[in-house]
Amino acid sequence: MSRTRLPLAALSLASVSALALAGCSQSTDASKNTGDTVASASAATGKKPAPFSAGPVKVALVRQSGAGDYFEQWGNGAKAQAKALGIDLTVYDAQADNAKQATDLSSAINSGAEAIIIDHGFPATIQPEIDQAVKKGIKVVVYDVETPTKGVVSTEQDDASMAQAVLDVMSKDLGRNAKVGYVNVAGYAALDKRNTVWAKEVAAQAWKQQFKVGKVTDSTATDNVPLVSAALTQHSDVTGIFAPYDELAKGTVLAVQNKKLQGKVKVFGADVSNADIQQMTAADSPWVATAGTDPSAVGAAVVRTTALELAGQLNKSSVEFPAVAITQDFLREKKIQNMDQLRAALPALNLSQVSTADWISNVAH
């Protein structure tokens, strides 16, 4: 979400100065799962290269997590993949405190870590520490953080593909010249990229955008309900609303239901998680389509990317994770209730072939 990056879930979400949870955690153990599982890792067949051939490799994960279970699943995948690789992972989570993330990053630099993964963050706050880490020879891999520092590996969801996938469904459902609403927030890189695709689609479909509202807070879903409700009071004739972040979509859904417009107004979101699936498949839910990546698979793939960079085998400066469209009809038809079932039904979510090698034990999702 920096142009700060955002979860977005999945967002791929992040300036996260407005995204809040509870304090910092440091751990070397994978988290307990919360409704979706991270299964056993596939066996590695190749010989481990340095530095992995010499025993556990110390890596720091410096996070700026936000609301929703996207971030928890992302962390679970990262921790499980680290364990499978023999990485000694220390996790810091500033959880909405930008100054604390800078302090956490300084601590990670001084911890003896051979690599640092930065998961979301406000670039203006942490850029000095990113530069310092690179100067000290520490490998730095960022997820949804924009930085100009050479030598940093950038990883992210493909936000353009995410927006386009769900907007293709929206254009098919609504047709041309439809009256539409928009719930989004400027200033977050992930959402800005999704906004660029939205603007092109509005022009291409000759849609009439009746309103744009939205804000990111420590209770994004709840705090957007009155904004969208007020917009719907003035523009109850819209037939569809695009809310390209799942917490924004959740608030939009509640507003549509509060106004009793679920039979007339369709909601199109972005990102996917257990909670999103439950809301999309609920009776009378107006949330008819989303697009996303599997956050657990993404977290694991970022750790594999870091391992390849440490081993000198990545040979690229950026890695993107493509998104897939997920419709309410598909979820209901397949009786999908959680991420485990979605992974089984949609193999395209599996990122096991991204950032891998024969010496890497890939975590199964």
Give a yes or no answer on whether the side chain of [X] reaches the backbone of [Y] with a donor-acceptor pair at less than 3.5 Å.
X	Y	value
Ser236	Thr233	no
Asp271	Gly292	no
Thr220	Leu248	no
Arg63	Phe71	yes

Review point. From Thr125 OG1 over to Lys100 NZ, what is the distance, rounded to the nearest 0.5 angstrom?
Key: 14.0 Å
Practice item. Measure up the Trp207 and Trp198 rings against each other and bin them: parallel (under 30°), tilted (30 to 60°), perpendicular (over 60°). Key: tilted
Check your understanding: Should the ring pair Trp359 and Phe52 be called parallel, tilted or perpendicular, given that the plane angle runs from 0 to 90° and is split at 30 and 60?
Key -> tilted
Revision key, fill the gap. Between Gln64 and the options Asp104, Asn98, Asp144, Asp119, the side-chain hydrogen bond (donor to acceptor under 3.5 Å, both in side chains) test singles out Asn98
May I ask you to check whether [X] and [Y] show a side-chain donor-acceptor distance below 3.5 Å?
X	Y	result
Ser229	Lys259	no
Asn76	Ser296	no
Asp329	Thr327	no
Thr147	Gln127	yes
Ser65	Asp93	yes

Can you confirm whether [X] sits close enough to [Y] that some side-chain heavy atom of one is under 4.5 Å from a side-chain heavy atom of the other?
X	Y	answer
Asp237	Gln210	yes
Val202	Tyr182	no
Tyr143	Thr306	no
Thr155	Val141	yes
Thr90	Ser111	no
Phe211	Ile241	yes
Gln328	Lys266	no
Val265	Pro286	no

[X], [Y]: one ILVMFWY side-chain cluster at the under-4.5 Å cut-off?
X	Y	value
Val216	Val213	yes
Val62	Val145	yes
Val319	Ile117	yes

Review point. Is atom NZ of Lys316 surrounded by more than 12 heavy atoms (other residues, nucleotides or ligands) closer than 6.0 Å?
Key: no
Review point. Within a reach of under 6.0 Å around NZ of Lys58, are more than 12 heavy atoms found that belong to other residues, nucleotides or ligands?
Key: yes
Practice item. Please test Arg304 against Gln81 for side chain to side chain contact (heavy atoms under 4.5 Å, CB included), starting from the C-alpha separation and ending with a verdict. Key: CA-CA 7 Å; Arg304 293 197 302 273; Gln81 184 64 75; 3.0 Å; yes
Exercise for review: Begin with the C-alpha distance, continue with both residues' side-chain angles, and end with the deciding distance and a verdict on side chain to side chain contact (heavy atoms under 4.5 Å, CB included) for Tyr188 and Asn195.
Suggested key: CA-CA 10 Å; Tyr188 297 93; Asn195 177 71; over 6 Å; no
Review point. Is Lys250 salt-bridged to Asp276, going by a charged N under 4.0 Å from an acidic O?
Key: yes
